[in-house]
Number of protein chains: 2
Amino acid sequence: MGEKEISQAVISRLPRYYRYLGMLKDKKVERISSRELSQMMNVTASQIRQDLNNFGGFGHQGYGYNVELLYSEIANILGLSRQHNLILVGAGNLGKALAGYVNFERRGFYMRGIFDIDPFLYGKKIRDIPIMPIDEIEDFIKNNEIDIAVICIPATASTKVVERIVACGIKAIWNFSHVDLDVSDDVSVENVHLSDSLMRLSYAMKSKRDRQESKGN
Amino acid sequence: MGEKEISQAVISRLPRYYRYLGMLKDKKVERISSRELSQMMNVTASQIRQDLNNFGGFGHQGYGYNVELLYSEIANILGLSRQHNLILVGAGNLGKALAGYVNFERRGFYMRGIFDIDPFLYGKKIRDIPIMPIDEIEDFIKNNEIDIAVICIPATASTKVVERIVACGIKAIWNFSHVDLDVSDDVSVENVHLSDSLMRLSYAMKSKRDRQESKGN
DNA sequence: CTTCTTTTTAACGAATTGTCAAATAATTAA
DNA sequence: TTAATTATTTGACAATTCGTTAAAAAGAAG
């Protein structure tokens, strides 16, 4: 019954902690205090302790946190101890890039199949991953224990496809298409809206420019 | 002197407003109230009004917001009325995908040059954008009014390159490499850490799984 | 003049930061 | 070597800051 809801802000910071702890682990650092880590990461020590305490007390007073232990605890929290099977929907520029990206496998994310509407691509492969017609997607998901669908098709097409794959039981969607997907509550969606990101960068530039200009008047 | 700092939370929502307003504009909708928009977007009307008011009163009481006007105001706020010149650093899978992505030009982001360390690529082009040796990057930035550098090289290499391009005056970095860049205050950085995003998705799946399991005991 | 809808202000809630007791580790003294 | 002392560091909680939502005031439309 002690299922306290963890805030999105905390969760968003976990991958970053994980990355820094990985670096420390590679450097054979055995232990680290919240203060040291806070200086490396440019955050407050208090925040680090608070964040980690959401998941249980991994630290020891007077000692700090054991790097190896904390690293594997965070992996656990993030669900990285489990293997994930992915499919890619849309073998365009971005889709091909993601399919070709080997690094995800290090964290247990394996791409198993690619789907597209271009018949010219059927039977071809990217890194040994077969490209198939989109009509085979339902069967493939069911037969290959697919967890996650990576959506890299135009916004206009994605709503339809997502409906289909959700209907056949997929539980997570990594959405690169520029639309807000409307799925049932038991499906997780993570959006990567590149153009939104670029606009935020544009805003940041503009506001810096403006501040500079207003300073010199 | 009235330069109130706008919170990152608000700014992050602007591109989404912009997208919905663009859709309304395409549908020839002339005006919209915060309540209608809030229902479309699944946020509170209060938040929309509060957000937009940060930038001045674009709405009219008893009328709502003029779609066309608000759309262009947001473009202005985001700095989209200005043209931006980009370079890409790193013509790997992801880099090539971004260089090939035509849509950014619609928002005024033009990719002007691509840089890599692979001599085999020199002289080749992606969508008419030339691929050049990385040693020419400083001159190119200076001679072509480059605003934004898109970093798509491995984390190990990016720190060095970023130092160089910042030294020759670049003002914004769109960072796809998996490392936190340490740049001076007048340079804007927007990170796109895909593996972090995937981990968040993994967490979301796991916590839904856990909740399901704990329900059925 | 009634309804609609924004703007402005206020209340509320969430997230971050600061502080301190308690626990451990490290150091010094005997 | 052991005991005593000091330094370190967490976890818990309090204080503060920040963000969101709601309510009140004001203005425009019909």
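These numbers were taken from a predicted model, which means no experiment stands behind them. Sequence lines set the chain letters: A, B, ... in the order given, protein chains first and strands last, and positions in each chain run from 1.
Rounded to whole angstrom, the span from the CG atom of A:Asp51 across to the P atom of D:dT10 amounts to 13 Å. The interatomic distance linking A:Asn66 (CG) with D:dT10 (C1') rounds to 15 Å, in whole Å. Note: CD (B:Glu30) to P (D:dA29) measures 13 Å, nearest angstrom. A:Leu69 places its CG atom 14 Å from the P atom of D:dT10, with the value rounded to the nearest Å. Rounded to an integer number of Å, the gap from A:Gln8 CD to D:dT20 C1' is 17 Å.
A centroid separation of 6.0 Å or more is found between the aromatic rings of B:Tyr17 and B:Tyr20. Checked against a 6.0 Å centroid threshold, the rings of A:Phe140 and A:Phe115 count as neighbours. For an aromatic pair to be called close, the ring centres must be under 6.0 Å apart, and A:Phe104 with A:Trp174 satisfies this.
Partners of B:Lys171 under the salt bridge (Lys or Arg N to Asp or Glu O under 4.0 Å) rule, at least two apart in sequence or in another chain, are B:Asp186.
OP1 or OP2 of D:dG19 has at least one side-chain nitrogen or oxygen of B:Ser7 nearer than 4.0 Å. When the side-chain nitrogen and oxygen atoms of A:Thr44 are compared with OP1 and OP2 of C:dT16, none of them lie within a distance under 4.0 Å.
The side chain of A:Gln47 lies closest to C:dT16, out of C:dT16, D:dG19, D:dT20.
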Sugar-phosphate or base contact per nucleotide [nucleotides 2-8 of chain C; S, B, -; heavy atom under 4.0 Å]: --BBBBB

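A pairwise comparison of heavy atoms in A:His84 and A:Asp147 identifies CA-OD2, 3.2 Å as the closest pair. Smallest separation of non-hydrogen atoms from B:Asn93 and A:Tyr101: ND2-N, 4.4 Å.
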